[in-house]
Asker: 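Can you read through this structure? Questions will come right after.
Quick caveat, the model's predicted, so the values are computed rather than measured.
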Protein chains: 2
Amino acid sequence: MSSAPAVKHSFKEQMLQAREDAIVQAALRLLAHKGFETMTVDEVAADVGIAKASLYKHFPSKEELAAAAMLRLLRQAQAFLQGQPADHGPLDKLQAAVRWAMALQLAGDMPALPSRNSSLRAALMAHPACLEALAQIGELLGGWIAAAQQQGRLNPRLSATAVLCILCARACDPALEFLQAGGQLSDADTIELVLGACFEGLSARQP
Amino acid sequence: MSSAPAVKHSFKEQMLQAREDAIVQAALRLLAHKGFETMTVDEVAADVGIAKASLYKHFPSKEELAAAAMLRLLRQAQAFLQGQPADHGPLDKLQAAVRWAMALQLAGDMPALPSRNSSLRAALMAHPACLEALAQIGELLGGWIAAAQQQGRLNPRLSATAVLCILCARACDPALEFLQAGGQLSDADTIELVLGACFEGLSARQP
DNA sequence: GTCTATAGCCAGATAGAC
DNA sequence: GTCTATCTGGCTATAGAC
């Protein structure tokens with residue numbers, strides 16, 4: 001992180017960093033496909049092409065490894081959100097965010113939410129970096145929600161917190177998987193359908 | 001199942017049936033609280049107060065046990081749905097069904113959906129009774145959805161299948177847990193909030 | 001059918017050479 | 001830091017007495 005000398009990182013350090021990146025990436029992939037409990041450290045190591053013991057030189061435990069993977073995902077989400085054009089409306093940016101997450105899930109690259117008793121959740125909550133990333137994402141989305149409500153585009157009877165919770169839940173909406181299993185729709189159509197139902201509701205409008 | 005003699009079931013058989021019920025109930029509880037992978041057969045046995053080997057006399061494997069527990073839940077859902085008053089409107093019955101499932105989840109008694117690669121899902125799909133119960137629930141709800149659409153109460157642009165998928169997903173909506181963790185609302189208020197957002201949408205009505 | 005005891009296996013984590 | 005080989009513990013499932 002300190003950058004006083006012009007070239008601080010040697011080749012070796014770069015290689016190490018790259019390897020660590022590969023490990024985290026593989027862990028994220030497996031986490032999304034199999035879940036924390038089912039995923040094994042052996043699989044992650046095999047996916048990267050190194051021995052399990054080498055992996056344990058980088059991460060002290062399976063939980064820490066998974067937490068690093070989740071942090072990577074949070075950072076990707078942050079990057080996507082911050083990359084939203086400033087001239088877009090807040091509602092458009094919110095919908096773009098949900099679309100991004102839904103596409104991830106349909107591709108099978110979105111890990112399931114860690115359940116209440118999962119050791120993964122404890123590891124996440126113990127990681128300051130994860131908590132900070134979560135908080136920053138929450139603040140960013142919260143600002144857009146408030147702005148959209150002020151524009152009269154979102155239901156004003158819902159608190160910003162409630163909208164935030166619901167949007168986060170929709171990002172992992174299992175309805176996507178159900179519809180995809182039916183096989184009638186393209187992925188893009190599936191996303192638009194579920195997104196539309198989320199914002200417009202299931203009931204008929206103008207009663 | 002055959003009932004030719006007046007009293008076919010002896011006391012012993014009744015006791016066995018009761019014990020098996022207790023096992024399934026305990027399994028369902030633990031399945032909801034901990035998930036299939038984290039739950040151990042020892043815990044189920046301890047919860048019932050019997051030895052693990054005795055449990056294996058009733059169920060040949062952990063998967064079969066969990067499948068029996070899920071079947072119990074499906075039957076409870078079926079009973080609730082069939083108990084809906086016939087003079088209620090289809091939309092009211094649909095909302096009542098979602099409310100029932102949401103209350104279950106807030107109480108911590110709703111198991112998470114088995115993920116794609118879970119051995120539990122395979123066990124469920126291999127159980128004719130589970131598939132049949134699922135199909136019957138789907139048909140019942142599907143009928144109500146079609147009726148509600150004919151009444152103009154549900155968005156006609158959504159296919160009945162899509163509505164069904166979305167309602168099933170809402171029955172396990174993680175937004176409930178997020179809002180409950182915030183601790184601002186009572187359980188009943190949380191349910192009405194999420195239910196309202198599901199049917200009315202997040203966007204402001206009458207733009 | 002219920003128990004105690006144990007087999008068999010698998011996955012997380014470590015030792016120690018290089 | 002990377003490897004091979006191993007330890008350790010816990011979990012599913014079973015054997016065998018009663």
Asker: Stepwise, does the side-chain hydrogen bond (donor to acceptor under 3.5 Å, both in side chains) test hold for B:Gln180 with B:Thr190?
Answerer: CA-CA 7 Å; B:Gln180 192 183 38; B:Thr190 305; over 6 Å; no
Asker: Heavy atoms only, 4.0 Å cut-off, all strands: where does A:Ser54 land among base, sugar-phosphate and nothing?
Answerer: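 Base contact - A:Ser54 has a heavy atom under 4.0 Å of at least one base atom.
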Asker: Is B:Asp47 salt-bridged to B:Arg29, going by a charged N under 4.0 Å from an acidic O?
Answerer: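 Salt bridge present between B:Asp47 and B:Arg29.
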Asker: Contact list please: residues 25-37 of chain B against DNA chain C, heavy atoms, distance less than 4.0 Å, in numerical order.
Answerer: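 Under 4.0 Å from DNA chain C: no residue of residues 25-37 of chain B.
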Asker: Taking the side chain as every heavy atom from C-beta outward, state whether B:Ile50 and B:Arg19 have any atom pair closer than 4.5 Å.
Answerer: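 Heavy-atom side-chain distance check passes, below 4.5 Å.
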Asker: So, are A:Glu192 and B:Arg157 salt-bridged, with charged N and O less than 4.0 Å apart?
Answerer: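 Here A:Glu192 does not pair with B:Arg157 in a salt bridge, since their nearest N and O are not under 4.0 Å apart.
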Asker: In residues 56-71 of chain B, which residues come under 4.0 Å of DNA chain C by heavy atom?
Answerer: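 Heavy-atom contacts with DNA chain C come from B:Lys57, B:His58.
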Asker: Strictly below 4.0 Å, N to O, side chains only: are B:Glu43 and B:Lys62 in salt-bridge contact?
Answerer: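 No, B:Glu43 and B:Lys62 are not salt-bridged.
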Asker: First and last nucleotide of DNA chain C in contact with chain B, 5' to 3', at under 4.0 Å to a heavy atom: what are they?
Answerer: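 Answer, 5' to 3': C:dG1 to C:dT4.
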Asker: Between B:Leu202 and A:Cys198, does a side-chain contact (heavy atoms from CB on, under 4.5 Å) hold up when you go through it step by step?
Answerer: CA-CA 7 Å; B:Leu202 298 177; A:Cys198 172; 3.7 Å; yes
Asker: Just call it for B:Met15: base, sugar-phosphate, or nothing, with non-hydrogen atoms closer than 4.0 Å on any strand.
Answerer: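 No contact.
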Asker: Give the residues of residues 43-53 of chain B touching DNA chain D, defined as any heavy atom closer than 4.0 Å, sorted by residue number.
Answerer: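 Contacts with DNA chain D under 4.0 Å: B:Lys52, B:Ala53.
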Asker: Could you tabulate the donor-acceptor pairs under 3.5 Å formed by side-chain atoms of residues 69-96 of chain B, not counting sequence neighbours?
Answerer:
{"from": "B:Gln78", "atom 1": "NE2", "to": "B:Gln136", "atom 2": "OE1", "distance (Å)": "2.3"}

Asker: Counting only heavy atoms not in B:Gln184, do more than 12 sit closer than 6.0 Å to its CD atom?
Answerer: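 No, because the 6.0 Å sphere around CD of B:Gln184 holds 12 heavy atoms or fewer from other groups.
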Asker: End-to-end bend of the helix from C:dG1-D:dC18 to C:dC18-D:dG1 (five-pair axes, 10° rounding)?
Answerer: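 Answer rounded to 10°: the end axes differ by 20°.
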Asker: When you compare the side chain of A:Phe59 with that of A:Val24, does any pair of heavy atoms fall below 4.5 Å?
Answerer: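 Of all side-chain heavy-atom pairs linking A:Phe59 with A:Val24, at least one is under 4.5 Å.
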